[in-house]
Amino acid sequence: MSDAKSVIESGKAVLGIEFGSTRIKAVLVDDQNKPIASGSHEWENQLVDGVWTYGIDMIWEGLQDAYKEMTEDVGKQYGVKVENLGAIGFSAMMHGYMPFGEDGEILVPFRTWRNAITEEASEKLTELFHFNIPQRWSIAHLYQAVLNGEGHVKDIKFQTTLAGYIHWKLSGKKVLGVGEASGMFPIDSTTGKFNQRMVDQFDAAVESKGYSWKLLDIFPEVLDAGEDAGTLTEAGAKLLDPSGTLQAGAPMCPPEGDAGTGMVATNSVDVRTGNVSAGTSVFSMVVLEKDLSKVYPELDLVTTPSGAPVAMVHCNNCTSDLNAWVNIFKEFAEAFGVDVDMNKLFGTLYNKAMEGDADGGNLLAYNYISGENITGMEEGRPMFVRTPNSKFNLANFMRVNLYTALGALKIGNDILLKEEGVKVDKLLGHGGLFKTKGVGQQILADAMNTPISVMETAGEGGAWGIAVLASYMIQKKDGETLGDYLNEKVFAGQEGSSLDPDPEGVKGFDEFIKIYKAGLPIERAAVDSMAL
């Protein structure tokens, strides 16, 4: 404790803050990358006029609250104040649309990754570039606004992501880490910058509109992990800490996306490694040895924070509907006057799932709170379906709701692992799905038919991951790669716990996914028939 105190007092502690879908988390680490204090702020996206969004005020209130809670934790533990920092890093959920005008104000409400409203743009850009452009990517949102004839497009002076927005306002620098940038627009792996051929194609496609800008005029500069991304300004320090205690001047690392920080937090930045982040959304990242044989709409090609190519399977839905069912059981228990411990409730229900039939007893569920691009659903209708002959009991009910949380993910990864034959030596899981020891981990192992490891540090999540990236920037030696830094300085000696796929579980999940695919017309009918 005294060591942590001296690190804080000497201004060497490093801060990482990540904006997740439901929580903003701040993690302070020492010079060995060990977490020494944290704070958080709960928030929730809003569906406004058919668009999933967060208000600008919500962003700053959440940031300041998470930071304040972290400083209060420092005060309670060490009896000191946070006046200076060794480095700072910001990350956030990737993609989405944040266009800004001449005055630096946002031109339309923030359109998050969760929106499935850019199908026309996505399809046209994929055809134009011969490169998969998912609906949630920033360029798809921009082009859809062009196709829609939205008046604000002509006034755009800068377009960025949530992480890039926070970084810009605190440092004055319009930059992005390459991993985050790869979710805005395709990256050329030979240059580590936006793909110039595709930039030229886009500019030509919108030339007739007569806009005053070209794409690179309004996009941020792309930086690799470890590069200097500016410093905390006086105005930025006051934005982060309105109390005025925090001083300006801390170096800032390139802002990254939650995919990149997840790779860092699980030591998955080298080839043939990968990770699965399972929370509100779920996505897998596998670092590739070579290019894929063709374009797949289910597979996104992004990069690590140091620019290596990555195949990403991103699904908009994971634990939200599962959590909603657990809350129903909570209400049931409370109706009987039982005081419910949520950790125990989750643990009991998750472990009950492991008693179910391997195939889920011919039950079917879709966890689509929002649209799901992998299966072509532009909106979500959560549902549970069974036949009169299905084995309907609590164990199977919970097992199928855990299965469906990974259903769309399995469809995408079957293409990657089975059709493309991509090899993965190590796949690590992190996120809320893995909190109950051994359950989500085993089900993911069965779904992927690959051993799954979970590290203790993975529980720290992306806020810790971006803090590590900030530390790498100020600690790296000449020529030291991010992978070397993680292996030798951060994860040395950490093995984590690994679970192998269970043959019966693998067979059972394959049976479930057949029912899942065959039942998609039911979900389509619900989307078409049941208005929001």
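For the pair Arg381 and Glu372, the salt-bridge criterion is not met [side-chain N within less than 4.0 Å of a carboxylate O]. Comment: Lys514 engages Glu511 in a salt bridge, judged by a side-chain N to carboxylate O separation of less than 4.0 angstrom. With respect to Glu504 and Lys507, no salt bridge is recorded, no charged nitrogen being found less than 4.0 Å from a carboxylate O.
Applying the 6.0 Å contact sphere to CD of Glu127 captures no more than 12 heavy atoms from other residues, nucleotides or ligands. More than 12 heavy atoms of other residues, nucleotides or ligands lie within 6.0 Å of NZ in Lys426, so this atom counts as buried by the packing criterion. The 12-atom threshold is not exceeded at NZ of Lys391, counting heavy atoms of other residues, nucleotides or ligands nearer than 6.0 Å. No more than 12 heavy atoms of other residues, nucleotides or ligands shown are found within 6.0 angstrom of CG on Asp291.
Pairing each heavy atom of His314 with each of Arg136, the nearest pair is CB-NH2, 2.9 Å. Annotation for Ala163 and Pro255: closest pair O-CB, 3.7 Å, computed over non-hydrogen atoms. The nearest pair of heavy atoms linking Asn373 to Ala116 is OD1-CB, 3.8 Å. Nearest heavy atom pair, residue Trp113 against residue Ser281, reads CH2-CB, 3.7 Å. Of all non-hydrogen atoms in Gly279 and Thr319, the two that sit nearest each other are O-OG1, 2.8 Å. Shown here for Ser182 and Thr303, the closest heavy-atom pair between the two residues is OG-N, 3.2 Å.
A 4.5 Å side-chain heavy-atom check between Ile17 and Ile24 finds at least one atom pair inside the cut-off. Between Ser21 and Tyr54 there is a side-chain heavy-atom pair separated by less than 4.5 Å. Here the side chains of Met354 and Ile443 are in contact, with some heavy-atom distance below 4.5 Å. Between Val385 and Tyr366 the shortest side-chain heavy-atom distance does not fall below 4.5 Å. Residues Leu433 and Tyr350 are in side-chain contact: their nearest non-hydrogen atoms beyond the backbone lie under 4.5 Å apart. The shortest distance between side-chain heavy atoms of Pro305 and Leu469 falls below 4.5 Å. Counting heavy atoms from C-beta outward, Ile466 and Cys253 have side chains that approach closer than 4.5 Å. Looking only at side-chain heavy atoms (C-beta outward), Leu299 and Val313 come within less than 4.5 Å of each other.
With rounding to the nearest 0.5 angstrom, the CD atom of Glu523 is 5.5 Å from the CE atom of Met377. We find the OG-OH distance between Ser40 and Tyr67 to be 15.5 Å, quoted to the nearest 0.5 Å. In this structure, CE on Met93 lies 9.0 Å from OG1 on Thr280, to the nearest 0.5 angstrom. With values rounded to the nearest 0.5 angstrom, Leu409 atom CG is found 12.0 Å from Glu298 atom CD. Taken to the nearest 0.5 Å, the CH2 atom of Trp43 stands 5.0 Å off from the CD1 atom of Ile59. Within the model, atoms CE of Met58 and OG1 of Thr53 stand 8.0 Å from one another, a figure rounded to the nearest 0.5 Å.
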Chi angles and distances behind the side chain to side chain donor-acceptor pair (under 3.5 Å) call for Asn148, Gln144: CA-CA 6 Å; Asn148 293 347; Gln144 192 65 54; 3.0 Å; yes
CA sep, side-chain torsions, deciding dist, call: Met448, Leu406, side-chain contact (heavy atoms from CB on, under 4.5 Å): CA-CA 10 Å; Met448 302 293 106; Leu406 300 172; 5.9 Å; no
Stepwise side-chain contact (heavy atoms from CB on, under 4.5 Å) check, Phe90 with Leu63: CA-CA 10 Å; Phe90 290 95; Leu63 174 64; 3.8 Å; yes
Verdict with reasoning, Val326 to Leu345, per side-chain contact (heavy atoms from CB on, under 4.5 Å): CA-CA 8 Å; Val326 173; Leu345 180 60; 3.7 Å; yes
Pair Phe392-Phe397, side-chain contact (heavy atoms from CB on, under 4.5 Å): steps then yes or no: CA-CA 7 Å; Phe392 186 41; Phe397 177 80; 4.0 Å; yes
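Side-chain atoms of Glu420 do not come within 3.5 Å of backbone N or O of Leu292 as any donor-acceptor pair. Side-chain atoms of Ser453 do not come within 3.5 Å of backbone N or O of Ser498 as any donor-acceptor pair. A donor-acceptor pair is defined here as one N or O able to donate and one able to accept, closer than 3.5 Å; no such pair exists between the side chain of Asp65 and the backbone of Glu61. Between the Asp73 side chain and the Ala37 main chain, no donor and acceptor come within less than 3.5 Å of each other. Panel note: side chain His95, backbone Gly183; a donor-acceptor pair is recorded below 3.5 Å. No donor-acceptor pair closer than 3.5 Å links the side chain of Tyr485 to the backbone N or O of Val468. Of the possible donor and acceptor atoms, one in the side chain of Trp464 sits under 3.5 Å from a partner among the backbone N and O of Asn33. Checked by atom type and distance alone, the side chain of Ser284 never pairs as donor or acceptor with a backbone atom of Val276 at under 3.5 Å. Judged by distance alone, with hydrogens and angles left aside, the side-chain atoms of Thr404 form a donor-acceptor pair with the main-chain N or O of Ala365 at under 3.5 Å. Checked by atom type and distance alone, the side chain of Asn401 never pairs as donor or acceptor with a backbone atom of Leu322 at under 3.5 Å.
Classified by interplanar angle (parallel below 30°, tilted 30° to 60°, perpendicular above 60°), the ring pair Tyr516/Phe512 is tilted.
With Met184 as the partner, the side chain to side chain contact (heavy atoms under 4.5 Å, CB included) test is satisfied by one option alone out of Val302, Leu176, Ile139: Leu176. When Val108, Thr161, Thr112 are each tested for a side chain to side chain contact (heavy atoms under 4.5 Å, CB included) with Tyr97, only one passes: Val108.
A donor atom on one side chain and an acceptor atom on the other are found under 3.5 Å apart for Thr481 and Asp484. Side-chain atoms of Asp446 and Gln442 include a donor-acceptor pair closer than 3.5 Å. In this structure, a donor-acceptor pair under 3.5 Å is present between the side chains of Glu18 and Ser91.
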